[in-house]
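Note sheet for the following structure.
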Amino acid sequence: MSTMTIDKSGPTRKVKYGSMSRDRTWALRWSYFFLTLFAIFSLTPPFYMLITSLKGSAEISAATNPWWVHQPTLENYIQLLTSNQFLRFFWNSAWVSIIVVTVTMLISVPAAFALARMKFWGSATLATGVFLTYLIPDSLLFIPLFKMFAVFGDLTGIQLVNRWYVLLFIYPTLTVPFCTWIMIGYFASIPKELDEAAIIDGASWFQTLTRIFIPVALPGLIAATIFAFTVSWAQFLYPLVFTTSTDQLVLPVGIITTLIKGDVFNWGQIMTGALLGAAPPLIIYAFLMDYYIAGLTAGATKG
């Protein structure tokens, strides 16, 4: 909507048009400009990975234009997808991610419900402490964790180090705190009248959670699940430290340790493996992005 101002200082009246629509147009143009820059900056690495994955070893080694494929080939994809080793990495990552997501949700959902709705002494402090544990860097935790599991194996005879299932005990230390924090914000945004009505009708806290809050909080649950899956699938430092045998490796570490031999980098297969490894999270985000955003922004408002 445009506005009009009239200048009466001179013998003739001058009409000046200040346009709100013009300001909005310029704001929209600048927004598209910066969004375009961001999109180019974000999409350049995967685009380069795709181009490199379609090249043969000879073309990659040749001093040609790195942004163009002269002789496209699917050789890298065929070699990886028919490799038992690569499929083993993929299978280990899938098992670890599925189990970790399940364990994370079984712990974080009841914990978040208790901290958000069952008010008790110290609940707010405990909720903050849960989130602060997520902020501790992995690079500070892997040394004491490795020592703990090594000592546990020596005392009990149960070997956990260099086994893929050791990650099932380690990854929840990353996923549970943050997922609990996400669910706290979502549960806190649900009107209190719902659980009050359920309690009046004689429902227990467990029934209130399973029959009322979980269906209402579905976007938050999906957001927490996506986060837990992404962390479990893409984690690099912990599996690099805790697993060394080839058959125990997960995908991120397996690609690096098996396709880099000394100073020889098999760039074509490395880029192909990275693209194939990024496919499952990308597919999940593509279909569930709206739920993920809704879950992350749920704590911004209440009621």
Side-chain angles (χ1 to χ4, degrees), residues 31 35 38-39 42-43 46 93-120 123-135 168 171-201 203-235 277-303:
S31 299
L35 284 174
F38 177 77
S42 302
L43 295 177
S93 291
W95 267 113
V96 169
S97 299
I98 292 172
I99 297 175
V100 168
V101 167
T102 303
V103 172
T104 298
M105 300 312 297
L106 290 176
I107 296 175
S108 61
V109 171
F113 179 75
L115 293 172
R117 311 302 290 197
M118 301 171 62
K119 298 298 183 181
F120 53 89
S123 59
T125 304
L126 182 59
T128 304
V130 168
F131 178 70
L132 291 178
T133 59
Y134 172 74
L135 302 180
L168 305 179
Y171 284 176
T173 63
L174 302 174
T175 57
V176 169
F178 191 78
C179 290
T180 302
W181 183 259
I182 292 177
M183 294 309 301
I184 287 175
Y186 210 96
F187 285 148
S189 67
I190 297 176
K192 293 184 64 176
E193 289 77 8
L194 288 178
D195 47 344
E196 291 175 352
I199 293 174
I200 292 174
D201 290 339
S204 63
W205 283 112
F206 181 77
Q207 292 173 327
T208 302
L209 171 63
T210 56
R211 297 184 181 182
I212 298 177
F213 275 79
I214 288 181
V216 174
L218 185 60
L221 290 171
I222 294 176
T225 301
I226 292 175
F227 173 82
F229 177 83
T230 304
V231 171
S232 305
W233 186 267
Q235 177 61 222
L282 181 63
I283 294 172
I284 291 174
Y285 277 101
F287 286 99
L288 300 176
M289 178 58 71
D290 293 340
Y291 291 101
Y292 186 69
I293 295 175
L296 292 180
T297 59
T301 58
K302 287 188 177 183

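Note that the structure is predicted; figures quoted are calculated from it, not measured. Reckoned from all heavy atoms, side chains included, excluding hydrogens, waters and symmetry mates.
- We find the CD1-CG distance between Ile184 and Leu115 to be 4.5 Å, quoted to the nearest 0.5 Å.
- What you find for Ile190 and Ala217 is that their closest heavy atoms are CD1-CB, 4.3 Å.
- Side-chain N or O atoms of Gln235 include none that pairs as donor or acceptor with a backbone N or O of Ser232 at under 3.5 Å.
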Exercise. May I have the step-by-step check of side-chain contact (heavy atoms from CB on, under 4.5 Å) for Leu174 and Phe178, ending in yes or no?
Key: CA-CA 7 Å; Leu174 302 174; Phe178 191 78; over 6 Å; no

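- Leu106 pairs by the side-chain contact (heavy atoms from CB on, under 4.5 Å) definition with Thr102, not counting sequence neighbours.
- The CE atom of Met105 lies 8.5 Å from the CD1 atom of Ile214; values are rounded to the nearest 0.5 Å.
- Remark: side-chain polar atoms of Ser42 are not paired, donor with acceptor, to backbone N or O of Ala39 under 3.5 angstrom.
- Distance check: Phe287 CZ to Ile283 CD1 gives 7.5 Å after rounding to the nearest 0.5 Å.
- Remark: Ser93 pairs with Trp233, Val250, Leu251, Pro252 by the side-chain contact (heavy atoms from CB on, under 4.5 Å) rule, at least two apart or across chains.
- Ala198 meets the side-chain contact (heavy atoms from CB on, under 4.5 Å) test with Ala203, Thr208, Ile212; sequence neighbours excluded.
- A 4.5 Å side-chain heavy-atom check between Leu168 and Val103 finds every atom pair outside the cut-off.
- Of all heavy-atom pairs spanning Ala228 and Cys179, the tightest one is CB-SG, 4.1 Å.
- The stretch residues 103-115 participates, sequence neighbours left out, in these side-chain hydrogen bond (donor to acceptor under 3.5 Å, both in side chains) pairs: Thr104-Thr175.
- Qualifying ring pair (Phe, Tyr, Trp, His ring centres under 6.0 Å) partners for Phe113, counting only residues two or more places apart in sequence or in other chains: Phe187, Trp205, Phe213.
- Scanning all heavy atoms of the two residues, the minimum distance from Pro280 to Phe229 falls at CB-CZ, 4.2 Å.
- Contacts of Thr230 classified as side-chain hydrogen bond (donor to acceptor under 3.5 Å, both in side chains), with partners at least two apart in sequence or in another chain: Tyr285.
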Self-check item: Check against side-chain contact (heavy atoms from CB on, under 4.5 Å), Val231 and Tyr171
Solution: CA-CA 8 Å; Val231 171; Tyr171 284 176; 5.7 Å; no

